[in-house]
Amino acid sequence: MDANATTLHLAQDPAADELLSRSRLAALIGMLLDQQVPMEWAFKGPATIAQRMGTDDLDAHEIAAQDPEAFAALLSEKPAVHRYPGSMAKRIQQLCQYLVEHYDGDAEGIWRDVGSGAELLKRLQELPGFGKQKAQIFLALLGKQLGVRPKGWREAAGAYGEAESFRSVADITGPESLAKVRAHKQEMKAAAKAGEK
């Protein structure tokens, strides 16, 4: 990690955030885990996985090669890495297998030679477990906090790319912004509920 790299504050846990900050694979896995659980729990997952694998980093080749049952058991240990550790273990392995197949296991290969935000969004959406919304949020995170800014990245990230917004993990830089993102998500849920009536 270069000296001027940003420190992410997504897990709100120093050790977990340190791994997310230096490992793009950890950040991708955290993003994959970020569903149906609190965000901090999801983004703490990569550090928990690394610790249980007896390493201080994550390697796509190593994760892809794990025995699926053993890897699922590793995620299921208490405290579990996710509410659905078995299915998430499978998704993480699929993501790592895809990275090994298409990018030689290097997560940064997804954006290293990308020509535009639209192309980067397309590549992110091709990742197993990444729908359009997840891909746009991760694209916004790359642009806003990690300095990955191909031409048109804000447009490709949609509303998540807007400057000074508090919509997603892309906007979280500490406890204060986390509270703002939480408030925004609750407003969105309330609006969606009101629309259902």
Side-chain angles (χ1 to χ4, degrees), residues 5-12 17 20-21 23-46 58 60 82-84 87-88 91-92 94-99 102-103 106-174 176-193 195:
T6 305
T7 300
L8 297 175
H9 298 279
L10 305 177
Q12 304 287 304
D17 282 329
L20 294 170
S21 300
S23 166
R24 299 302 171 245
L25 176 59
L28 266 179
I29 290 173
M31 190 74 226
L32 182 67
L33 290 168
D34 188 19
Q35 55 190 32
Q36 298 171 307
V37 295
M39 182 205 73
E40 301 93 320
W41 183 5
F43 282 96
K44 196 172 178 180
L58 294 175
H82 193 273
R83 182 177 291 155
Y84 303 107
S87 62
M88 292 318 279
R91 284 192 175 179
I92 291 169
Q94 287 169 340
L95 173 66
C96 289
Q97 285 156 357
Y98 184 90
L99 290 173
H102 297 268
Y103 299 102
D106 178 12
E108 289 188 38
I110 299 166
W111 53 85
R112 186 171 291 118
D113 61 349
V114 80
S116 69
E119 186 187 342
L120 178 50
L121 179 63
K122 182 179 175 288
R123 287 185 184 187
L124 289 168
Q125 282 185 260
E126 287 167 354
L127 298 174
F130 277 68
K132 184 174 183 184
Q133 184 182 32
K134 198 176 277 290
Q136 285 186 312
I137 292 170
F138 196 76
L139 175 55
L141 177 67
L142 288 170
K144 288 179 173 183
Q145 296 200 45
L146 299 172
V148 177
R149 299 180 180 126
K151 191 170 187 253
W153 72 270
R154 282 194 190 274
E155 293 76 8
Y160 301 107
E162 289 173 10
E164 307 299 317
S165 66
F166 293 96
R167 293 177 190 276
S168 72
V169 299
D171 305 305
I172 295 170
T173 54
E176 195 180 309
S177 49
L178 171 62
K180 288 180 181 177
V181 169
R182 282 247 153 82
H184 173 76
K185 286 189 174 187
Q186 295 194 313
E187 282 168 28
M188 298 305 283
K189 271 187 187 160
K193 265 193 176 152

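From Q186, atom CD reaches atom CZ of R182 across 8.0 Å, with rounding to the nearest 0.5 Å. To the nearest 0.5 Å, atom CZ of residue F166 and atom CD of residue E176 are 7.5 Å apart. Taken from CG in L10 to CD1 in I172, the straight-line distance is 6.5 Å, to the nearest 0.5 Å. Distance check: Y103 OH to R123 CZ gives 4.5 Å after rounding to the nearest 0.5 Å. Taken from CG in L127 to NZ in K122, the straight-line distance is 11.5 Å, to the nearest 0.5 Å. Interatomic distance, CZ of R167 versus CD of E162, reported as 4.5 Å (0.5 Å rounding).
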Requested in this report: Kindly indicate, with the supporting measurements, whether the criterion side chain to side chain contact (heavy atoms under 4.5 Å, CB included) is fulfilled by Q35 and H82.
Outcome: CA-CA 9 Å; Q35 55 190 32; H82 193 273; 4.3 Å; yes
Report task. Decide side chain to side chain contact (heavy atoms under 4.5 Å, CB included) for E126 and I110; before the verdict, give the C-alpha distance in whole Å, the side-chain angles of both, and the deciding distance to 0.1 Å. Result -> CA-CA 10 Å; E126 287 167 354; I110 299 166; over 6 Å; no
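Across all non-hydrogen atoms, the minimal contact from M88 to L33 is CE-CA, 3.7 Å. Heavy atoms only, all atoms of each residue included: S23 and A26 are closest at OG-N, 2.9 Å. Residues P150 and S116 come closest through the heavy atom pair CB-C, 3.7 Å. Residues S177 and D171 share a closest heavy-atom pair of CB-O, 3.4 Å. Heavy atoms only, all atoms of each residue included: D17 and S21 are closest at O-OG, 2.7 Å. The minimum heavy-atom distance linking L25 with A60 is given by the pair CD2-N, 3.4 Å.
A distance-only check finds no donor-acceptor pair linking the side chain of R24 to the backbone of E108 [under 3.5 Å].
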Side-chain donor-acceptor pairs of residues 129-143 under 3.5 Å, sequence neighbours excluded:
residue, atom, partner, partner atom, Å
Q133, NE2, Y160, OH, 2.6
K134, NZ, M31, O, 2.7
K134, NZ, D34, O, 3.2
Q136, NE2, A156, O, 3.0

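A heavy-atom distance below 4.5 Å is not found between the side chains of V169 and V181. Side-chain contact between L146 and L8: present, with at least one pair of heavy atoms (C-beta onward) separated by less than 4.5 Å.
Within 6.0 Å of atom NZ in K44, 12 or fewer heavy atoms from other residues, nucleotides or ligands are found, so the atom counts as exposed in its surroundings.
Sequence neighbours left out, not one pair with a member in residues 147-159 passes side-chain hydrogen bond (donor to acceptor under 3.5 Å, both in side chains).
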